[in-house]
Structures are given as structure tokens and as C-alpha cells.
Amino acid sequence: MKNVNVVLGLFYGDEGKGKIIDYLSKKHKYAVRFSGGNNAGHSIEVDGKKFAFHLIPSGILNKNVKAVLGNGVVIDPKVLIEEIDNLKANGYSVDNLYISDKAHIIFPYHIELDGMLEDIRKTRKIGTTKRGIGPAYCDKYERCGIRMEDFISNKFKELLKENVKNKNVILKAYGYEELDFNKIYKEYSKYAEILKPYVCDTITMLHQAIDSNEKILCEGAQATLLDIDFGSYPYVTSSSPSIGGLSTGTGIGARYIKDVIGVIKAYSSRVGEGPYVTELTDSTGDMIRELGHEYGTTTKRPRRCGWLDIVALNYAVKINGVTAIAMNHLDTIGKLDKIKLCVAYKYNGKETKFFNTNMDFLKNSTPVYEEFEGNFGDISKCKSFDELPKNAKKYVKRIEELTNCKVKYLGTGPSREDIIVNG
Ligand code: GDP
Ligand code: IMO
Ligand code: MG
């Protein structure tokens, strides 16, 4: 039985995954984060209350859902404990939180190194979130990372001592302040005690769920164009936020996957450095930023904004095997008089519909647009596709035509209820 569904981002992040995951998780028994760390920021609005999750799975607000942090996630214990405390303070139980014993831990030296590496990069500054994500994944692959099962065991002290010693050599070499092992150990062993009750073998847990025909929703963080392999390298994150990351980050095999819901906005945005073919650096871009409140959930940085890009979207649809699209911010784009949709790129005098993450290609491609009428009016009361104004329908139908994919969910506002299920 295929009981595993997936929600993941198709562009450069912040597509509104959190809202869609919260909405869909109520029909699932498990909500599982499979990659990234607290570089993510997922906003959810419920009964007028706003939540911003960085680590905790966005499905947690549904109390019948078991919220799982999979083995592919990198965990900053301090941030996770803050999120747990915040949920408790808002009257939510976290008894339904489970943390993989194989997830890696982010330590202060990762955060320090993230900042240092960004400082010393001369030509290719990435604009990371400075949350220690890249260095934590480097340690995982270098095989000196500390996993949750070691963090909560009596091996922790020795492992940490060796790592702090080795990282201090690097920090010193670049003229950065060395870190104090005793201070970190004292602080982090307290965090280990707090998190210990949540740690378990999530791989076996999910395998048992599959055997019991229970429904699992896997939730992506970041997005396809930030993927370490398929994104605009080197301006990417250090994990696999696209479909491949689901299996390596949870232990769930591909044969159990049913629906792959790819999330986009009716326009696009990007935070941090890197090429962005449909970026608008003019007053229209500023207007989209203000209308869509496009400021980072994690770093508060203003997001770069632009038109929706079908060339990039079709690439992401193929990479992930997307079965349906969820498109947020239909309300926002409908406030503009005219809307543009990028249907091809012009590169070296030739038109192409195929995306490629080659830097020269992305930096020198110019978008070819189709234009649509905006002014949708107030669509907040529309509860079905048929109730939408004709300009909105025309825009959505053209996207379906160009991607050969159903736009099954349409976002008409930031709240849990602001979703139209199309068909
Ligand atoms: P995520 O990282 O993909 O979960 O997205 P973020 O939460 O970082 O950014 C999405 C932003 O858009 C948040 O502020 C959401 O509250 C907001 N949002 C999501 N869907 C809609 C929508 O359909 N309309 C409007 N106006 N806002 C939305
Ligand atoms: P959600 O899950 C948008 C971007 C950073 C930077 C690059 C590398 O909210 O969609 P990192 O700290 O990961 O090494 O930074 O990736 N980035 C995101 N941009 N949304 C995110 O997550 C992001 N997570 C990382 O801005 O350009
Ligand atoms: Mg976000």
C-alpha cells in the first residue's frame, strides 16, 4: 500500500509549505521532517495565532498526528527546546514529538564556522542563514558528527572534546576566537537531558506505521532549487530538500510514496545570493514584497521577488515526480493590474524551455513572458475554483497547461482556512 504523501518546495523556499502541511497533516497519522534544520521558517496561522516553526514538524498542531524529526534533519538543541517551550506555553502538548536517534546535532562551533566561512569567501558569498547548517552536514559526511544517540549517551563528553579541539585549530588559524569546551559541555549536557525522552528509533517506528497501513505525510524544508545537487550550486543549502532526501532522511523506500505535492507561490521569491532569472528589481518587485509580506521567517531579510517561472517549475516537477501543485498567494498576485508568467528563457540568442543550473546559463538567460490580467478583487470568500473570478481561473489554467500538472490547492490567504481544493 502506498500511504506516504509528500509536501515539498519547488522554487527557492518560502512557498508556504508550512500552511499546506498543517492543512494536509490532519488526514495523516504521522508528519515527518526529512531534511534541513533551523534554516527553515514555516509560518502557520491558526485562529488568529501565528506560529513560526524552524525545526518542529509543521503537522504538530494537529494533536492526533505524531510529529517526527527524521534522521536527515540537523538539530540545534537550543532552538528545538525553545520551540517546545513555546508550544507548551500556547497550550499545545508535545507528547506527540519524536526525534530520530540518528539525527545530527548542531553545536556552537558549527554556527561559528558558518559565519567564518561566509566571511572568508571572496567571490562566492552564499548568504547563508548562519545557523550552522553547512558545517553540521560537512561533519556528518566527514564522519565526525555527533548524532542524537551519542548526544544523550555517556560517549558525548569525549566526542565533543575531540571536536571542539579540532574546530579550535581551524578557528585559530583564521584568527577567530577559540571555543571553551567546558562551557559548551555544561550547557549542552543539560539540553541532552531535556531532549532524551523524545529520542527514539524513528526508522523502525515508520516501518511499523507502513506495515499497519497508517498514513504518513513527509514534509520538506527549503526547496528544489536550493538542493545541493539540483539547485543553483553553490548558492544552495547543504542538504537534499527534493524527493531523494525523503528516503535518505527518513528510511522510507520510494515504493511507498503516493502523492508528491509541490508548493509554489503565484509569483516567486528568493533569499540570499544566487541567480534568479525572473527577479524584479524595480517597483513591481517592491510592490510584490509589500503585498505578500515577503520578509524572512527565520532571518527577517527582505526576500527578492519576481514572476513565476515555468521553466524552473517544470524542472522541479520532473526532479520530484510532482503529482499535484499547491499554489499560495493567489490573493496577493491578484492585487496587481498585470501579471507576467515566464514561459521560456532566451540564452545566447536562442529560446529554450529547459532549465539548467549552470551559472553562466542562469546569469545570462532572460525571461520570455506571457501577460495576464490581474485585479482579481477580494477572493477571500471563494471556497471553490468555480467561484474564482475569470482572470484568476485563466492564470491557474494556463499554469496547469504549461506544467501538465493539476493545481490542486490554491492559497487565498495566510490562515489555515484560506485554501481552495480544486477538484
Ligand atoms: P515556508 O517556508 O514554505 O513554510 O513559507 P514561509 O512560512 O516562510 O513563507 C510563506 C509566507 O506566506 C508566510 O508568511 C505565510 O503566512 C504566507 N502565506 C502562505 N500562503 C499564503 C496565501 O495563500 N496568501 C497569503 N497572502 N499569504 C500566504
Ligand atoms: P524554508 O523551509 C528560503 C537559503 C539561504 C541561503 C541558502 C543557504 O523556510 O523554505 P543555509 O543556511 O541553508 O546554508 O543557506 O539557502 N535558505 C532558505 N531560503 N527558505 C528556506 O527554508 C531556506 N533555507 C535556506 O537564504 O541562500
Ligand atoms: Mg520559510
Side-chain angles (χ1 to χ4, degrees), residues 7-23 33-46 50-55 57-58 73-74 76 106 110-111 113-115 117-118 124-138 219-228 231-239 241 262-276 288-301 303-304 326-335 379-380 409-420:
V7 173
L8 38 73
L10 296 185
F11 209 65
Y12 288 108
D14 304 325
E15 298 91 347
K17 297 177 289 296
K19 186 184 83 172
I20 301 292
I21 294 159
D22 169 65
Y23 175 82
R33 259 288 295 267
F34 61 82
S35 70
N38 57 308
N39 45 350
H42 300 164
S43 329
I44 303 173
E45 277 189 40
V46 180
K50 289 185 187 172
F51 292 89
F53 293 124
H54 302 286
L55 272 167
S58 300
V73 178
V74 285
D76 183 328
I106 299 180
H110 293 126
I111 299 168
L113 286 168
D114 199 356
L117 290 167
E118 192 73 336
R124 303 204 295 192
K125 284 199 190 297
I126 292 163
T128 77
T129 58
K130 300 203 175 155
R131 300 300 193 263
I133 307 297
Y137 279 111
C138 277
E219 38 175 283
Q222 288 76 53
T224 309
L225 302 184
L226 291 173
D227 186 288
I228 188 78
S232 58
Y233 192 91
Y235 306 100
V236 292
T237 190
S238 299
S239 66
V263 190
I264 58 170
K265 286 189 274 217
Y267 50 91
S268 62
S269 73
R270 175 167 203 172
V271 219
E273 301 303 317
Y276 178 2
I288 295 176
R289 185 177 311 106
E290 294 316 311
L291 290 171
H293 308 290
E294 292 293 351
Y295 292 87
T297 312
T298 299
T299 57
K300 314 290 176 229
R301 288 178 288 179
R303 293 174 181 156
R304 301 156 65 189
M327 183 163 85
N328 285 314
H329 283 273
L330 190 64
D331 54 321
T332 307
I333 203 80
K335 291 185 179 126
I379 58 167
S380 63
Y409 304 97
L410 287 158
T412 56
S415 161
R416 190 183 250 183
E417 294 78 39
D418 301 329
I419 295 180
I420 293 175

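Start at 1 and go down the list; that is how both ligands and their atoms are numbered.
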How far is [atom] from its nearest protein heavy atom, and which residue and atom is that?
atom: atom 20 (N) of ligand 1; answer: Lys19 NZ, 3.2 Å
atom: atom 16 (O) of ligand 2; answer: Leu226 CD2, 3.7 Å
atom: atom 15 (O) of ligand 2; answer: Thr128 CA, 3.4 Å
atom: atom 6 (C) of ligand 2; answer: Gly127 O, 3.2 Å
atom: atom 27 (O) of ligand 2; answer: Val271 O, 3.1 Å
atom: atom 8 (C) of ligand 2; answer: Val236 O, 3.4 Å
atom: atom 5 (O) of ligand 1; answer: Gly16 N, 3.2 Å
atom: atom 12 (O) of ligand 2; answer: Thr129 OG1, 2.5 Å
atom: atom 11 (C) of ligand 1; answer: His329 NE2, 4.1 Å

Is it the side chain (CB and beyond), the backbone, both or neither of [X] that lies under 4.0 Å from ligand 1, heavy atoms counted?
X: Met327; result: neither
X: Asp14; result: both
X: Asp331; result: side chain
X: Thr332; result: side chain

Check: [Y] and [X] side chains under 4.5 Å, non-hydrogen atoms:
X: Ser58; Y: Ile44; result: yes
X: Glu294; Y: Tyr267; result: yes
X: Tyr235; Y: Lys125; result: no
X: Glu273; Y: Ser232; result: no
X: Asn39; Y: Thr128; result: no
X: Val74; Y: Asn38; result: no

Yes or no: does [X] have any heavy atom under 4.0 Å from an atom of ligand 2?
X: His42; value: yes
X: Gly41; value: yes
X: Gly9; value: no

May I ask you to identify, for Lys17, whether its side chain, its backbone, both or neither come under 4.0 Å of ligand 2 on a heavy-atom basis?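 Lys17 to ligand 2: side-chain contact only, backbone stays beyond 4.0 Å.
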
Report whether any nitrogen, oxygen or sulfur of Lys17 sits less than 2.8 Å from the Mg ion (ligand 3) (N, O or S, backbone or side chain). no

Need the ligand 2 atom indices (1-based, order shown) with element for anything under 4.0 Å from a heavy-atom of [X].
X: Ile126; answer: 8 (C), 27 (O)
X: Ala40; answer: 1 (P), 2 (O), 9 (O), 22 (O)
X: Arg301; answer: 5 (C), 26 (O)
X: Asp14; answer: 1 (P), 3 (C), 9 (O), 10 (O), 20 (N)
X: Tyr12; answer: 3 (C), 19 (N)
X: Gly272; answer: 27 (O)
X: Ala221; answer: 2 (O)

Taking atom CG of Asn328 and atom CG of Asp418, what is their separation to the nearest 0.5 Å? 9.5 Å

Using a strict threshold of under 4.0 Å (side-chain N to carboxylate O), is an ion pair present between Arg131 and Asp76?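 Looking at Arg131 together with Asp76, the answer is no, because their closest N to O distance does not fall below 4.0 Å.
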
Ranking Gly13, Ser43, Ala223, Ser58 by closest non-hydrogen atom to atom 14 (O) of ligand 1, top hit is Ser43

Quick check: does any side chain N or O of Lys19 sit under 3.5 Å from a backbone N or O of Gly413, one acting as donor and the other as acceptor? yes

For ligand 2, find out whether one of its N or O atoms is nearer than 3.5 Å to an N or O atom of Thr237.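 Indeed, backbone or side chain, Thr237 has an N or O that close.
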
